[in-house]
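See structure below.
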Amino acid sequence: MSNTLLAIILAAGIGKRLGAEYANLPKCLLPMGERTLLERHLELLQAAGVGEIVIGTGFESGRIQQTLDRWPGTVKCSTFHNPDYRQGSIVTLWHARDLLRAGKDVLVMDADVLYGRELLERLVRTGHANCFLLDRDLEAGEEPVKLCVRDGRLVEFRKRIEIDAEYCGESVGFFRFSPAVAAELAARVEAYVAEGRVDEPHEEAIRDLLLSEPSRFGFEDVTGLPWIEVDFPQDVIRARDEILPRIGD
């Protein structure tokens with residue numbers, strides 16, 4: 001049942017690539033229409049029947065808390081704080097290690113993504129215990145985090161790839177993990193921090209799990225569904241002018 005799902009939203013970063021106009025604003029509080037990205041996350045997760053939402057905060061955490069305090073939804077919402085938010089996102093996930101060990105199915109989600117209901121439903125209703133979302137409309141370059149497929153199975157997950165594959169797509173930045181794999185992820189992020197690898201993105205720990213036993217993981221193909229990760233000023237414009245009208249809410 002989806003109401004047993006725990007959603008962890010990673011929202012601690014500064015978003016410095018957005019430039020001076022948004023220098024004091026967490027990316028999850030970017031306005032998209034009449035609501036912020038965060039408010040859209042909360043509404044969609046509640047509509048999907050997710051049982052609990054926890055937001056990992058860092059930069060301007062008080063403003064994020066104010067948004068949560070005003071939000072009228074009924075799903076249980078809380079935060080955890082990463083004071084070292086200038087380091088890699090692996091540290092934010094490290095602060096969520098006890099949540100990953102809570103014995104629940106877990107969604108791990110980037111906060112800076114604008115998307116519609118159907119995309120989230122693919123992840124919530126998937127038949128895969130451990131699942132990635134893959135979009136075959138992959139933009140060229142090293143910025144997108146890539147998922148590579150061979151013989152119907154995921155074989156790589158990284159920005160820079162050096163592997164033969166049938167095709168590669170872009171990762172949406174949303175993941176679903178079974179209780180067992182979520183606990184393994186907690187152990188991996190602990191190892192990263194213990195080794196001093198605190199500037200790594202959290203995707204590296206997820207990649208370790210994928211490559212250690214690819215058969216445990218599946219993916220949902222979301223090609224054609226509207227979504228965008230907001231990293232640069234031009235992404236804000238595209239999100240508002242192209243993606244938001246396609247979402248239609």
Side-chain angles (χ1 to χ4, degrees), residues 1-10 41 44-56 75-76 80 89-90 92-111 113 115-136 145-158 163 165-192 201-223 225 227:
M1 293 292 291
S2 60
N3 60 11
T4 65
L5 272 173
L6 166 65
I8 301 172
I9 302 176
L10 305 181
H41 272 298
L44 290 169
L45 287 165
Q46 177 169 281
V50 169
E52 183 178 359
I53 305 168
V54 187
I55 298 101
V75 67
K76 180 181 178 183
F80 64 91
S89 57
I90 193 80
T92 304
L93 200 55
W94 177 81
H95 281 281
R97 61 198 184 280
D98 289 340
L99 293 169
L100 294 171
R101 293 191 172 108
K104 296 183 178 181
D105 291 286
V106 176
L107 304 182
V108 175
M109 309 174 71
D110 290 340
V113 180
Y115 59 99
R117 177 174 298 191
E118 186 177 351
L119 185 143
L120 180 62
E121 289 287 342
R122 294 280 184 92
L123 192 59
V124 169
R125 310 299 178 197
T126 183
H128 301 292
N130 304 287
C131 187
F132 294 72
L133 295 181
L134 179 151
D135 188 338
R136 296 192 190 211
V145 179
K146 300 163 188 69
L147 283 164
C148 298
V149 178
R150 185 193 304 134
D151 297 327
R153 182 173 293 178
L154 295 172
V155 293
E156 183 57 288
F157 173 55
R158 222 174 204 175
I163 190 171
E166 291 173 14
Y167 65 89
C168 295
E170 182 172 358
S171 169
V172 174
F174 297 171
F175 315 93
R176 178 171 180 150
F177 302 113
S178 68
V181 171
E184 289 183 41
L185 180 58
R188 288 303 306 149
V189 298
E190 283 182 329
Y192 271 67
H202 66 283
E203 289 93 347
E204 283 297 293
I206 296 171
R207 176 180 182 266
D208 290 346
L209 296 183
L210 170 65
L211 297 187
S212 70
E213 196 172 341
S215 62
R216 294 187 297 177
F217 295 86
F219 65 93
E220 294 288 341
D221 191 326
V222 297
T223 305
L225 296 182
W227 72 279

Lys/Arg-Asp/Glu bridge criterion (N-O < 4.0 Å) met for Glu184, Arg216
yes
When you measure from the side chain of Arg97 to the backbone N and O of Trp94, does any donor-acceptor pair fall under 3.5 Å?
yes
If you apply the rule side chain to side chain contact (heavy atoms under 4.5 Å, CB included), what do you find for Leu154 with Cys148, and how did you get there?
CA-CA 6 Å; Leu154 295 172; Cys148 298; over 6 Å; no
CG of Leu133 to CG of Leu147: how many Å apart, nearest 0.5 Å?
9.0 Å
Residues in side chain to side chain contact (heavy atoms under 4.5 Å, CB included) with Arg117, at least two apart?
Leu44, Ala47, Glu121
Looking at side-chain heavy atoms only, is the closest gap between Glu220 and His128 below 4.5 Å?
yes
Would you call Leu123 and Cys131 a side-chain contact if the rule is heavy atoms closer than 4.5 Å?
yes
Does Leu185 reach the side chain of Leu93, with side-chain heavy atoms less than 4.5 Å apart?
yes
When you measure from the side chain of His41 to the backbone of Ala111, do you find a donor-acceptor pair of N or O atoms at a distance under 3.5 Å?
yes
What residues, two or more places apart in sequence or in another chain, satisfy ring-ring contact (aromatic ring centres under 6.0 Å, His included) together with Phe177?
none
Just how far is it from atom CD1 of Ile8 to atom OG1 of Thr92, taken to the nearest 0.5 Å?
11.0 Å
When you look at Phe219 and Val149, which way does the side chain to side chain contact (heavy atoms under 4.5 Å, CB included) test go after all the steps?
CA-CA 10 Å; Phe219 65 93; Val149 178; 3.9 Å; yes
Value rounded to 0.5 Å, distance of NZ in Lys146 from CD1 in Ile163
13.5 Å
Residues at least two apart in sequence or cross-chain that pass side chain to side chain donor-acceptor pair (under 3.5 Å) with Ser89, listed by chain then number, are His202
Yes or no on side chain to side chain contact (heavy atoms under 4.5 Å, CB included) for Phe217 and Phe132, after CA distance, side-chain angles and deciding distance?
CA-CA 8 Å; Phe217 295 86; Phe132 294 72; 3.6 Å; yes
Report all side-chain donor-acceptor pairs from residues 99-108 shorter than 3.5 Å, counting only partners two or more places apart or in another chain.
residue : atom : partner : partner atom : Å
Arg101  : NH1  : Glu190  : OE2          : 3.2
Arg101  : NH2  : Glu190  : OE1          : 2.7
Lys104  : NZ   : Glu52   : OE1          : 3.3

Correct closest heavy-atom pair for Val113 and Trp227 would be CG1-CE3, 3.9 Å
Return the minimal non-hydrogen interatomic distance between Ala7 and Met109, and the atom names on each side.
CB-SD, 4.4 Å
Partners of Glu203 by side chain to side chain donor-acceptor pair (under 3.5 Å), sequence neighbours excluded?
none
With rounding to the nearest 0.5 Å, note down the distance linking OH in Tyr167 to CG in Asp221.
6.0 Å
Reported CD-to-CG distance for the pair Glu213 and Asp208, which is rounded to 0.5 angstrom
14.0 Å
Quick one: are Leu225 and Val222 in side-chain contact, heavy atoms under 4.5 Å?
yes
Salt bridge (charged side-chain N to carboxylate O under 4.0 Å, His left out) between Glu156 and Arg150, worked out:
CA-CA 9 Å; Glu156 183 57 288; Arg150 185 193 304 134; over 6 Å; no
Would you check if the side chain of Asp135 reaches a backbone N or O of Gly169 as a donor-acceptor pair within less than 3.5 Å?
no
Assess the residue pair Leu45 and Val75 against the criterion (side chain to side chain contact (heavy atoms under 4.5 Å, CB included)); give the C-alpha distance rounded to whole Å, side-chain angles, the decisive distance to 0.1 Å, and a yes or no.
CA-CA 9 Å; Leu45 287 165; Val75 67; over 6 Å; no
Minimum heavy-atom distance between Arg153 and Pro214, given as atom pair plus value:
CD-CB, 3.7 Å
Given the rule in the salt bridge (charged side-chain N to carboxylate O under 4.0 Å, His left out) test, do Glu204 and Arg188 qualify, once you have shown the distances and angles that lead to the verdict?
CA-CA 9 Å; Glu204 283 297 293; Arg188 288 303 306 149; over 6 Å; no
Measure the CG-CG distance between Asp110 and Leu10 for me, rounded to the nearest 0.5 Å.
6.0 Å
Residues which pass ring-ring contact (aromatic ring centres under 6.0 Å, His included) with Phe174, listed by chain and number, not counting sequence neighbours:
Tyr115
